[in-house]
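Order of listing sets the numbers, starting from 1, for every ligand and every atom in it.
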Amino acid sequence: MSTFPIRVFGDPVLKQRAREISDIDGALVRLVSSMIDTMYDAPGTGLAAPQIGVQKRLFVYDVGEGPVTVINPELIEQSGEWTYDEGCLSIPGLSFDIVRSKVNTVKALNLEGEEVVIEGDELLGRVLLHELDHLDGVLLFDRLEADDRKRAMRMLREQQLTGTTARTSHSL
Ligand code: ZN
């Protein structure tokens with residue numbers, strides 16, 4: 001098993017837009033394999049390439065049916081509304097009730113280079129939106145209201161001072 005260290009809030013790589021992938025080659029397959037190891041090791045439900053410092057439009061997730069690889073995703077449909085206590089591996093120990101669309105559909109490539117359409121309801125829908133955000137340099141904090149964001153920053157600073165972090169299993 002090979003894992004990567006997970007980049008945390010404050011790392012500039014998390015604020016940049018990742019680039020489209022043009023070649024699905026052996027190096028990419030190895031990268032995906034290590035990303036999946038990293039996700040399970042964390043543990044998390046999803047992991048985007050920028051979270052390990054790689055600026056590629058790629059993420060992996062497992063909502064209980066095995067690992068799935070998503071390359072160059074595009075959001076093609078979204079509907080409804082759903083509140084979820086959302087956490088992020090790059091913001092360890094914190095989670096926030098965030099409202100986003102409930103059913104979300106993404107068009108992407110799989111690891112074989114075939115076009116796939118993934119429709120996600122509730123948790124899977126949330127994973128898709130959260131990881132898409134990572135590819136665009138958007139973090140959970142950017143989805144919070146100003147007051148909540150201030151409170152979250154304070155909690156994060158306290159946590160960094162005391163060195164306590166607890167990851168939750170719904171970290172994306
Ligand atoms: Zn995240």
Side-chain angles (χ1 to χ4, degrees), residues 3-21 31-75 78 82-106 108 118 120-145 148-160 164-172:
T3 62
F4 293 101
I6 295 175
R7 305 298 181 93
V8 295
F9 177 75
D11 192 317
V13 76
L14 294 171
K15 300 295 284 176
Q16 291 157 20
R17 187 185 184 277
R19 286 181 298 272
E20 260 77 25
I21 291 171
L31 173 70
V32 164
S33 165
S34 300
M35 280 178 62
I36 291 169
D37 288 346
T38 303
M39 173 178 73
Y40 287 137
D41 188 54
T45 307
L47 182 76
Q51 292 183 279
I52 54 153
V54 174
Q55 290 297 86
K56 291 183 192 297
R57 300 190 78 76
L58 159 73
F59 63 80
V60 296
Y61 69 82
D62 183 349
V63 292
E65 291 164 6
V68 179
T69 304
V70 181
I71 297 167
N72 295 343
E74 267 176 74
L75 186 62
Q78 48 190 147
W82 190 56
T83 307
Y84 179 65
D85 183 28
E86 197 173 324
C88 178
L89 291 173
S90 296
I91 308 175
L94 300 182
S95 63
F96 311 92
D97 275 338
I98 294 182
V99 185
R100 302 193 198 224
S101 49
K102 180 171 176 284
V103 183
N104 301 296
T105 308
V106 156
I118 304 164
D121 189 8
E122 297 197 337
L123 178 61
L124 177 54
R126 183 57 57 104
V127 169
L128 297 175
L129 293 185
H130 183 105
E131 305 309 338
L132 271 167
D133 269 358
H134 273 305
L135 304 186
D136 292 327
V138 175
L139 281 178
L140 212 46
F141 285 145
D142 302 313
R143 299 285 178 196
L144 297 178
E145 305 286 336
D148 285 342
R149 191 181 316 165
K150 266 188 224 148
R151 199 160 43 86
M153 293 296 195
R154 204 161 51 230
M155 282 160 70
L156 197 68
R157 268 197 306 273
E158 279 165 16
Q159 211 180 62
Q160 282 168 346
T164 51
T165 56
R167 282 180 179 147
T168 49
S169 57
H170 48 206
S171 293
L172 310 174

### Query
When you look at R143 and E86, which way does the salt bridge (Lys or Arg N to Asp or Glu O under 4.0 Å) test go after all the steps?
CA-CA 11 Å; R143 299 285 178 196; E86 197 173 324; over 6 Å; no
### Message
Measuring only between side-chain heavy atoms, which start at C-beta, is L135 closer than 4.5 Å to E20?
### Response
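Answer no - side chains too far apart.
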### Task
Please name all residues satisfying side chain to side chain donor-acceptor pair (under 3.5 Å) with D62, sequence neighbours left out, ordered by chain then number.
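By the side chain to side chain donor-acceptor pair (under 3.5 Å) rule, D62 matches Y40.
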### Query
Listed by chain and number, what are the side chain to side chain donor-acceptor pair (under 3.5 Å) partners of D85, not counting sequence neighbours?
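For D85, the residues satisfying side chain to side chain donor-acceptor pair (under 3.5 Å) (neighbours in sequence not counted) are S95.
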### Task
Look at the side chain of T38 and the backbone N and O of F4, then say whether any donor-acceptor pair between them is shorter than 3.5 Å.
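The answer is yes, because a donor-acceptor pair under 3.5 Å joins these two groups.
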### Message
What count do you get for protein N, O or S atoms closer to the Zn ion (ligand 1) than 2.8 Å?
### Response
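Protein heteroatoms (N, O, S) closer than 2.8 Å to the Zn ion (ligand 1) number 4.
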### Message
If the condition is salt bridge (Lys or Arg N to Asp or Glu O under 4.0 Å), which residues does D11 pass it with, not counting sequence neighbours?
### Response
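For D11 the salt bridge (Lys or Arg N to Asp or Glu O under 4.0 Å) partners, ignoring immediate neighbours, are R7.
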